[in-house]
Chemist: 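Please see the structure below; I have some questions.
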Amino acid sequence: MQIENASPRGKRHFMQYENTLAFARRMDREDPLRAFRSQFLFPKHDDKPAFYFCGNSLGLQPKTMRRALMQELDQWQQYGVEGHFKGEMPWMYYHKFLKNQSAQVVGALPEEVVVMNTLTVNLHLMMVSFYRPTAQRYKIIMEAGAFPSDQYAMETQVRWHGYAPEDAIIEIAPRAGEENLRNEDIIAIIEQTGDQLALVMFAGVNYYTGQFFDLESITQAAHRVGALAGFDLAHTAGNLPLRLHDWGADFAVWCSYKYMNSGPGGPSGAFVHARHAHNPDLPRFAGWWGHDESERFQMRKGFKPMVGADGWQLSNAQIFAFAAHKASLDIFEAAGMDNLRKKSLLLTGYLEWILDQVNPDGERFKLITPRDPAARGCQLSVLTDASGRALFDYLSENGVICDWREPNVIRFAPAPLYNSFEDVWRLGQLLRL
Ligand SMILES: *Cc1c(COP(=O)(O)O)cnc(C)c1O
């Protein structure tokens, strides 16, 4: 069977998949990123490495992480408070050491990104600056079925400004009988909402269906009607190459513990487009770390924000979390997002093909992730019938770590940094039953 895959730049090439161990192993041997797998620690199942397909929830631990954390413990031991100024990576400047690599991952200028806090916190901070409703223009458009934290954030932001969520929040749902949003529908609703629209706040990749939205055209449509566009990239950063600066997004936030492998509760990143960087009048909730660093320690009255995303920082850096994140960013820099995407298209394409092989009539489950590779990242979500929970339990008992989302969806996310074609083939063998 011929499978068509879109390359990151839209070129197409053909891959002839086969459902054999020999084929999977050949793909692994020919994989230019194959060496990265050995840089990660796999959970064990019956003394063997598990088949880990859960990088969309919590990425695996890079082997370099322990040393990165030890280095900061040593620094603390050796210097105490002077660790802020001494050592290889003085804590005082730690957020800067993450800047260039984070900018690479999301396609931004370095001044447009900062690592700070956690995701939902940053979403609220961005809303303070970029959701400025007026009597005329107060509506927010988001995708129906967004991650609950985002729903709660939008609901409470709207209420805090005195509006009713039922009125102010427009959720776009798929058409009847469909699983995914059509871009034309998103654009049409943005245009219809027109001068009532304050903000489009969308996920990059929907956590449930795995659909990757067209962030550029959504941003352009929002701007055409005079609104702003912000994105939650929790399932997108480290999953797909992004061009936030060129696409013109106003703001974005993401976490580092899913595809970015920075450990449970890892820090968040935030993006503020350069067009907002030099606007000290943008309202914001400030803290000392966002204050002009040349005067930060003069401890004077009067907040003067740093230029760019740095001006949204509140607190001094969470060194241990940031050190873990740095270890992970080093791996992303070495691998390169475009290379990861290239492998991801093949690997997720292989999983899709294998799922079709073991479920040819579509009777046992149904793929709810778009079939178009350009409209998805690593993750494939399958909608199961009543026997789905039993299938999930059976996979777990056989060493597959994936996840279950109520009411009956199983999500598989082969991550190109550490998953192999053999992993996917073995999953297919288990699913044959
Ligand atoms: C994972 C995820 C979150 C989690 O938020 P935290 O503040 O990091 O706990 C929020 N939003 C989306 C879309 C997510 O996928």
Side-chain angles (χ1 to χ4, degrees), residues 53-60 98 102 105-106 113-128 130-131 140-158 169 171-173 180-181 186 199-213 215 218 229-240 242 244 249 251-271 285 312-315 318 320-322 324-325 328 368-369 376-381 402-406 409-413 415:
F53 292 104
C54 229
N56 55 338
S57 251
L58 182 71
L60 288 182
L98 308 175
S102 299
V105 170
V106 297
V113 300
V114 66
V115 173
M116 58 182 187
N117 313 314
T118 48
L119 194 159
T120 309
V121 172
N122 286 341
L123 184 53
H124 278 295
L125 292 179
M126 293 293 114
M127 294 295 286
V128 166
F130 297 107
Y131 179 56
I140 297 176
I141 286 180
M142 61 192 303
E143 90 263 30
F147 194 87
S149 202
D150 301 33
Q151 293 186 36
Y152 306 148
M154 294 306 114
E155 176 192 328
T156 53
Q157 283 281 341
V158 159
I169 299 176
E171 292 187 325
I172 308 184
N180 302 123
L181 292 182
I186 301 173
L199 176 70
V200 179
M201 215 304 292
F202 245 69
V205 170
N206 179 267
Y207 80 101
Y208 189 73
T209 64
Q211 181 177 11
F212 175 45
F213 301 110
L215 306 188
I218 291 173
F231 299 108
D232 183 329
L233 305 176
H235 283 263
T236 325
N239 178 7
L240 288 136
L242 299 166
L244 289 182
F251 71 85
V253 292
W254 57 95
C255 62
S256 65
Y257 50 83
K258 292 174 179 166
Y259 291 100
M260 306 266 302
N261 313 317
S262 299
S268 168
F271 163 91
F285 288 170
W312 273 264
Q313 294 174 104
L314 300 180
S315 303
Q318 301 138 258
F320 299 114
F322 283 25
H325 191 32
S328 169
I368 59 167
T369 305
R376 67 185 188 207
C378 301
Q379 174 186 328
L380 295 183
S381 304
C402 52
D403 78 4
W404 176 259
R405 279 289 171 271
E406 294 296 343
V409 162
I410 302 177
R411 303 186 301 174
F412 302 103

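Atoms within each ligand, like the ligands themselves, are counted from 1 in listed order.
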Chemist: What atoms of ligand 1 come closer than 4.0 angstrom to any heavy atom of T120?
Modeler: 5 (O), 6 (P), 7 (O)
Chemist: Could you tell me, atom by atom, which parts of ligand 1 come under 4.0 Å of a heavy atom of K258?
Modeler: 1 (C), 2 (C), 3 (C), 14 (C), 15 (O)
Chemist: Within this structure, what is the OG-CD distance for the pair S268 and Q318, rounded to the nearest 0.5 Å?
Modeler: 9.5 Å
Chemist: Relative to atom 11 (N) of ligand 1, which among V253, D150, V205 owns the nearest non-hydrogen atom?
Modeler: D150
Chemist: Go through ligand 1 atom by atom and flag the ones less than 4.0 Å from a non-hydrogen atom of Y257.
Modeler: 1 (C), 4 (C), 5 (O), 6 (P), 8 (O), 9 (O)
Chemist: Parallel, tilted or perpendicular: which describes the rings of F412 and F53, with under 30° parallel and over 60° perpendicular?
Modeler: perpendicular
Chemist: Is it the side chain, the backbone, both or neither of L119 that has a heavy atom closer than 4.0 Å to ligand 1?
Modeler: both
Chemist: Using a 4.0 Å cut-off to any heavy atom of H235, which atoms of ligand 1 qualify?
Modeler: 15 (O)
Chemist: What protein heavy atom sits nearest atom 3 (C) of ligand 1, and how far off is it?
Modeler: F147 CE2, 3.4 Å
Chemist: What distance do I141 atom CD1 and F202 atom CZ have between them, rounded to the nearest 0.5 Å?
Modeler: 7.5 Å
Chemist: Distance-only, no hydrogens or angles: does the S262 side chain make a donor-acceptor pair with backbone N or O of Y257 under 3.5 Å?
Modeler: no
Chemist: Rounded to the nearest 0.5 Å, what's the gap from CG on N56 to CD on Q379? Could you check?
Modeler: 4.5 Å
Chemist: Using a 3.5 Å distance criterion without hydrogens, assess whether the side chain of T236 forms a donor-acceptor pair with backbone atoms of V205.
Modeler: yes
